[in-house]
Amino acid sequence: MTEVRVRFPPSPTGYLHIGGARTALMNWLYARKTGGKLILRIEDTDAERSTRESIDGILDGLTWLGLDWDEGPYFQTDFAADHLAAADRLLQSGHAYKCFCTKEELDRKRQALLAAKQDIRYDGTCRELTPEQIAAKEQQGLPFVVRFKVPRQSGTVAYDDRVLGRIERRYDDIEDFVIVRSNGKPLYLLCNVVDDIRDRISHVIRGQDHMSNTTRQVLLYEALGAPVPVFVHMPLTLDQQKRKISKRSHGEIVAVQFYRDHGFIPWALCNFLILLGWNPGTEQEIFSREELIEAFSLERIGKVNSVFNYRKDDPKFFTDPKAISINAHYLHTMPIEELGQLVKQDFQAQGLWDDAYDQDRRDWYLSTLDLIRGRFHTTKDFATMGRAYFADDYTIEQKPLKKNILKHPDLRTWLPMLAQRFAALDTFDQQSAETAARELAAELGVKPGIIINGMRTVLTGQLAGPGMFDILVALGRDRVIDRLKNIDGLYTTSEA
RNA sequence: GGCCCCAUCGUCUAGUGGUUAGGACGUCGGCCUCUCACGCCGGUAACACCGGUUCGAACCCGGUUGGGGUCACCA
């Protein structure tokens with residue numbers, strides 16, 4: 001059995017989006033599964049649209065996702081000589097011909113065909129030019145493109161797709177496609193094949209949107225006398241309107257960068273993406289990297305396009321709810337030290353980081369993250385909803401303010417009273433604090449909940465959170481007392 | 001429009017001739033409780049349609065409808 005060699009060949013005309021990331025992931029998994037190689041190749045033959053920023057963005061995105069490659073990045077433009085040499089060979093062997101039709105002519109004909117409701121296809125004007133005619137046109141210095149000469153015979157081109165089965169297409173349905181531009185630059189269809197041959201690619205794993213390219217490329221492989229690789233066409237990822245997702249029409253919500261910026265855990269995003277069009281045949285949905293490599297197989301890639309169910313402007317779910325729930329799962333269960341690293345990055349960016357969290361406050365830092373992570377969904381939540389644990393400039397949210405504070409004006413005196421009792425305790429721990437709080441409630445003749453939830457609001461600004469007495473310990477006596485004494489501010493602000 | 005691909009809950013999906021059509025997310029209800037975008041329990045909800053084949057079809061075949069992709073001197 002020959003070595004498995006797969007490739008991910010993005011064109012650097014925008015940032016890495018989740019469709020591309022998913023393709024990269026599938027290729028990566030197959031390479032890792034089989035002990036093969038993943039080649040990264042930047043397809044930059046469209047010089048006008050390719051940018052350095054885009055290349056960096058794609059590389060960063062892959063790196064962030066944890067998808068490493070074994071060779072490359074190669075740049076397609078570095079192999080222009082190969083592409084042209086191949087075009088030459090095709091010309092020599094009679095598999096291609098020079099076409100002198102101008103763009104204007106072709107456009108005109110195309111319009112006419114369109115109007116007549118005919119197939120829009122090159123009519124083969126230059127296909128049968130005699131050597132003399134060609135020489136004459138070249139003598140005049142007329143520009144030309146190189147077209148592939150599709151066999152004009154009955155029958156079909158075919159290949160066996162690993163997910164879709166046998167795919168056939170009649171020669172008659174394929175026009176003589178252009179492989180070299182009039183400016184001498186080779187086109188995608190050719191470059192891609194030439195590069196895949198040179199890189200000895202064994203499996204081409206790509207989206208179903210390439211299917212019509214594939215039949216034409218099979219023709220090129222045959223004309224070039226090269227073995228045809230195994231083709232694996234994955235189903236596409238669509239939006240709710242069932243449109244193919246693209247950076248251009250969907251914007252940041254489909255950019256990998258967006259998920260990094262919104263507190264996604266890289267592998268959680270991979271875990272979500274792999275479930276779009278693939279499943280293990282068991283009911284397992286959460287996979288470690290090793291488990292997924294083990295479980296992955298081409299055979300279980302589905303045929304059906306899937307909908308990326310992001311909800312724009314939904315306050316609760318800023319993207320596909322399942323993606324968020326998978327991210328939350330990892331957030332809740334991953335080793336706390338690893339989470340500590342991820343949160344550290346965000347805290348540093350937010351100005352919330354304290355170097356002591358890596359030193360003598362490390363235990364406190366990690367145990368506090370562990371205490372509050374249970375109801376968070378992204379790593380961003382620690383700096384927002386969890387802010388009160390790490391800084392004093394946290395916000396008191398409106399809902400709990402109304403429900404737990406303003407509704408009970410007496411808290412204005414009760415909470416400072418509680419602060420005094422906390423101050424008077426010999427030891428301040430979960431037990432003693434709870435006893436003190438409940439005793440106060442009993443003496444005042446109010447439900448403990450009123451005191452406790454009032455405290456929660458003042459201390460964390462949040463409606464929900466961990467058990468109140470765990471919070472007290474995490475915050476520490478001094479901060480608790482400070483904040484409880486300052487409850488006055490809450491009433492004044494809202495009255496103003 | 002031509003060519004190609006596809007069709008199970010709202011979404012992601014399991015299912016390959018006999019299942020109460022399973023799971024996950026969402027949603028709804030209940031429980032827990034000091035709170036909940038925590039946890040636990042439960043409910044809701046799908047085989048596009050029409051013909052065949054068969055003792056028996058979500059599964060096999062044909063058609064219809066529907067959806068998607070692609071039709072560049074982009075990749």
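This structure is a prediction, so every number in the text was calculated from the model and none was measured. First the proteins, then the strands, lettered A, B, ... as listed; each starts at 1.
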Give each protein N/O atom lying under 3.5 Å from an N/O atom of nucleotides 30-34 of chain B, with the pair distance.
unit_1: rC34(B); atom_1: OP1; unit_2: Arg438(A); atom_2: NH2; d: 3.3
unit_1: rC34(B); atom_1: O2'; unit_2: Asn453(A); atom_2: OD1; d: 2.7
unit_1: rC34(B); atom_1: O2'; unit_2: Asn453(A); atom_2: ND2; d: 2.7
unit_1: rC34(B); atom_1: O2; unit_2: Arg456(A); atom_2: NH2; d: 2.7
unit_1: rC34(B); atom_1: N3; unit_2: Met468(A); atom_2: N; d: 3.0

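The nearest whole Å value for the distance from the CZ atom in Arg169(A) to the P atom in rC71(B) is 10 Å. Going from atom NZ of Lys303(A) over to atom P of rU13(B) covers 14 Å, rounded to whole Å. As rounded to whole Å, 12 Å separates atom P of rC73(B) from atom OH of Tyr97(A). One atom, CD1 of Ile326(A), and another, C1' of rU11(B), lie 12 Å apart when rounded to the nearest Å. Here the P atom of nucleotide rG66(B) and the CG atom of Asn305(A) are 18 Å apart, to the nearest Å. Protein atom CZ of Arg216(A) is 10 Å distant from nucleotide atom P of rC73(B), rounded to whole Å. Here the P atom of nucleotide rU11(B) and the CG atom of Asp239(A) are 13 Å apart, to the nearest Å. Ile179(A) has its CD1 atom 17 Å from the P atom of rA72(B), to the nearest Å.
Residue-to-nucleotide proximity on RNA chain B shows that, of Gln76(A) and Thr282(A), the 5′-proximal contact is made by Thr282(A). Map His210(A) and Leu276(A) each onto its nearest nucleotide of RNA chain B; the residue landing nearer the 5' end is Leu276(A).
The separation of rA14(B) from rC60(B), taken at their P atoms, amounts to 14 Å, rounded to a whole angstrom.
For Phe79(A) and His83(A), the ring centers sit 6.0 Å or farther from each other.
Residues Leu219(A) and Tyr171(A) meet the side-chain proximity criterion, which asks for heavy atoms closer than 4.5 Å.
Between Phe308(A) and Tyr310(A), the two ring planes are tilted [angle within 30° to 60°].
Nearest heavy-atom pair across Ala24(A) and Leu62(A) is CB-CD2, 3.7 Å.
The side chain of Lys244(A) sits closest to rU70(B) out of rU70(B), rC74(B), rG26(B).
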